[in-house]
2 protein chains.
Amino acid sequence: MEVKAADVGLLQSRYRLTKQRAAVLRALSGGGHLSAEGILHRVREEIPAVSLGTIYRTLEILRAIGLVQAFTHGGDAARYEAALDKHHHLLCSQCRHVLNVHAPELARIVYEVASAENFDQVDYSLTIVGRCARCATAARTVSNN
Amino acid sequence: MEVKAADVGLLQSRYRLTKQRAAVLRALSGGGHLSAEGILHRVREEIPAVSLGTIYRTLEILRAIGLVQAFTHGGDAARYEAALDKHHHLLCSQCRHVLNVHAPELARIVYEVASAENFDQVDYSLTIVGRCARCATAARTVSNN
DNA sequence: CTCTCTGCAAAGCATTTGCACATTG
DNA sequence: CAATGTGCAAATGCTTTGCAGAGAG
C-alpha cells in the first residue's frame, strides 16, 4: 500500500496499516467534527463494505496513539477530529455545529486547581455551549425574539 | 404530603410534588455525584417499587427547573447533583470519584471566547481528568511507578 | 373529577464484542 | 505463515417511551 505522511504514526506503532485505517485518517484530515456514523459514510465512498464496528475499533486505536481526539457532550454521539493542537469546543445548542477555539490562559488555571487537590496525570476539556449567530438570526426571522 | 424547603421549587413549577420527586431531591441533598442507578438505590430505601424510568423522568424535570445539574464524561453514565453554585469537576480516571472545584477566572475567559464568535445564551463546563492522590499511592504500592 | 404521574416492559441508540474469514508484515 | 484486522450480527449499557392503572390537586 502507498504510505502517506499521515500514516506514519500508525507504522511507528504496534498496529498495522490497513486500507480501512488509512481511510479513516483521510476522512478526518479534511477537518470538522464527525461522528462515527459520519466517518462511516466518508469511508464508504472508498471502501463500500466497511463496517461501523471497524470504524469504532479504528478510532479507538488512533485515539490511543494520539492521532485522533474524541469529544462528547451530554448524551450526544461522540465526535472525532484529527489531533492537531490543544483547543476547546464551542457547540451550538441548536444546529450542533462545533467551532474550535483557543484559550491559552486555561492551562494555568487547570493545573493550579488540579495540583491543589493532588491530582497527577492531568488532562482537561472545556466545552462552551451557546447559540451561534446563524441560529440566532434564524430564530429572529420566525418569531420575534 | 409534608412539604420541606427543598420541595418549594417543585411547587412553584407547573409540576406536581409527588413522593418520588421529593425522594429524589432528598437522595441528592446529601451531596455527591450519583448516577441514575445510584439514585435509584437510595430512593428504593424509602419507596421499594420506584422504577428507573421514574428516576430519569424526575431528574429531567428537576434539571429543567434548575434544581439539579447533570454531568457526563466520555461514554460514562450521567452523574447528577443538587444545583448549588457554578463549579467544575475533577474526575479521577481510575476510581471515578468526582470532586467539585471552583475557577472564578474561567467565566471571563469563556465569555470573551464565545462573544468573539458571536454566540449568545452561553453556558460552559470544564472537566479535569487525572489520577487522585489515593489512586496514585495505591499504584505505587503494587508496582513501582 | 381531571390531569398528571408512575410502574412496567419494550424500544432506541451509540458503542462493543465473539467469531470465522481475510489481510498484513 | 503467524499474528492481527475485518465484516457481520448479536449483545450491551444507558436512557427513553407507550400504555393502563394510581395519585395529586
Side-chain angles (χ1 to χ4, degrees), chain A residues 1-4 7-25 27 33-41 43-44 46-65 67-80 96, chain B residues 1-4 7-25 27 33-41 43-44 46-65 67-80 96:
Chain A
M1 181 186 302
E2 188 201 353
V3 175
K4 304 247 177 92
D7 303 331
V8 171
L10 260 177
L11 288 172
Q12 291 173 337
S13 74
R14 63 173 199 80
Y15 300 102
R16 291 180 179 173
L17 176 58
T18 63
K19 62 183 194 299
Q20 289 85 345
R21 293 177 184 169
V24 169
L25 280 173
H33 299 85
L34 296 157
S35 64
E37 196 80 41
I39 294 168
L40 178 70
H41 289 317
V43 171
R44 282 213 164 139
E46 299 178 46
I47 312 172
V50 235
S51 68
L52 195 48
T54 293
I55 301 295
Y56 277 111
R57 278 184 286 225
T58 299
L59 288 168
E60 173 51 27
I61 286 170
L62 297 177
R63 205 192 51 70
I65 301 177
L67 294 179
V68 161
Q69 62 195 105
F71 138 82
T72 53
H73 179 260
D76 292 8
R79 314 267 290 262
Y80 303 85
R96 303 271 121 182
Chain B
M1 183 188 300
E2 187 202 354
V3 176
K4 304 248 175 91
D7 304 330
V8 170
L10 260 176
L11 288 171
Q12 291 173 337
S13 74
R14 63 174 199 79
Y15 300 103
R16 291 184 176 168
L17 176 57
T18 63
K19 61 180 194 300
Q20 290 84 345
R21 292 176 183 171
V24 169
L25 281 172
H33 300 83
L34 295 158
S35 63
E37 195 80 40
I39 294 168
L40 178 70
H41 289 315
V43 172
R44 283 210 165 143
E46 299 178 46
I47 313 169
V50 233
S51 69
L52 195 48
T54 294
I55 302 294
Y56 278 111
R57 278 184 286 226
T58 299
L59 288 168
E60 173 51 27
I61 287 170
L62 298 177
R63 205 193 51 71
I65 300 175
L67 294 179
V68 161
Q69 62 196 106
F71 139 82
T72 51
H73 179 260
D76 292 8
R79 314 267 291 259
Y80 303 85
R96 304 271 120 182

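All chains are named by letter (A, B, ...) in the order of the sequence lines, taking the proteins before the strands, and each is independently numbered beginning at 1. Computed over heavy atoms, backbone and side chain alike; hydrogens, waters and symmetry mates excluded. What you see is a predicted model, and the numbers here were worked out from it, not measured in a lab.
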Rounding to a whole Å, what distance do you find between [X]:[atom1] and [N]:[atom2]?
X: A:Asp7; N: C:dT24; atom1: CG; atom2: P; result: 13 Å
X: A:Ile55; N: C:dT17; atom1: CD1; atom2: P; result: 17 Å
X: B:Glu60; N: D:dT15; atom1: CD; atom2: C1'; result: 11 Å
X: B:Leu34; N: D:dT15; atom1: CG; atom2: P; result: 13 Å
X: B:Ile47; N: D:dG23; atom1: CD1; atom2: P; result: 12 Å
X: A:Leu17; N: C:dT23; atom1: CG; atom2: C1'; result: 12 Å
X: B:Phe71; N: D:dT15; atom1: CZ; atom2: P; result: 13 Å
X: A:Leu40; N: D:dG7; atom1: CG; atom2: C1'; result: 12 Å

Contact class for [X] (heavy atom, under 4.0 Å): base, sugar-phosphate, or nothing?
X: B:Arg57; answer: base
X: A:Leu52; answer: base
X: A:Gln20; answer: sugar-phosphate

- prompt: If you check the A:Thr54 side chain, which of C:dG7, D:dG7, D:dT16 turns out closest?
  reply: D:dG7
message: Taking the minimum atom-to-atom distance to the side chain of A:Arg16, which one of D:dG7, C:dT15, D:dG5 wins?
response: D:dG5
Lys/Arg N to Asp/Glu carboxylate O, B:Arg63 vs B:Glu60, below 4.0 Å: yes
- prompt: Just by distance, do the side chain of B:Arg44 and the backbone of B:Val50 share a donor-acceptor pair under 3.5 Å?
  reply: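 Looks like yes, one N/O pair under 3.5 Å.
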task: For a side chain to side chain contact (heavy atoms under 4.5 Å, CB included) with A:Val24, tell me which candidate from A:Thr54, A:Leu62, A:Leu67, A:Val68 qualifies.
output: A:Leu62
Side chain to side chain contact (heavy atoms under 4.5 Å, CB included) partner of B:Tyr80, chosen from B:Leu59, B:Leu34, B:Ile55: B:Leu59
query: DNA chain C: B:Val50 or A:Thr72, which has the more 5' nearest nucleotide?
result: B:Val50
- prompt: A:Tyr56 side chain N/O closer than 4.0 Å to the phosphate oxygens (OP1, OP2) of C:dT15?
  reply: yes
- prompt: Just to confirm, is there a sub-4.0 Å distance from OP1 or OP2 of D:dT6 to any side-chain nitrogen or oxygen of A:Thr18?
  reply: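 Answer is yes, contact under 4.0 Å.
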- prompt: Taking for each residue the nucleotide of DNA chain D bearing the nearest heavy atom, is the 5' side occupied by A:Arg14 or by B:Ser35?
  reply: A:Arg14
message: Return whichever of B:Tyr15 or B:Ala77 has its heavy-atom-nearest nucleotide of DNA chain D closer to the 5' end.
response: B:Ala77
field: Test side chain to side chain donor-acceptor pair (under 3.5 Å) applied to A:Arg96 - qualifying residues, sequence neighbours left out
entry: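 Listed in chain order: A:Asp76.
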message: On the side chain of B:Arg21, is there an atom forming a donor-acceptor pair with the base of C:dC5 - under 3.5 Å, no angle test?
response: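 Donor-acceptor pair under 3.5 Å: no.
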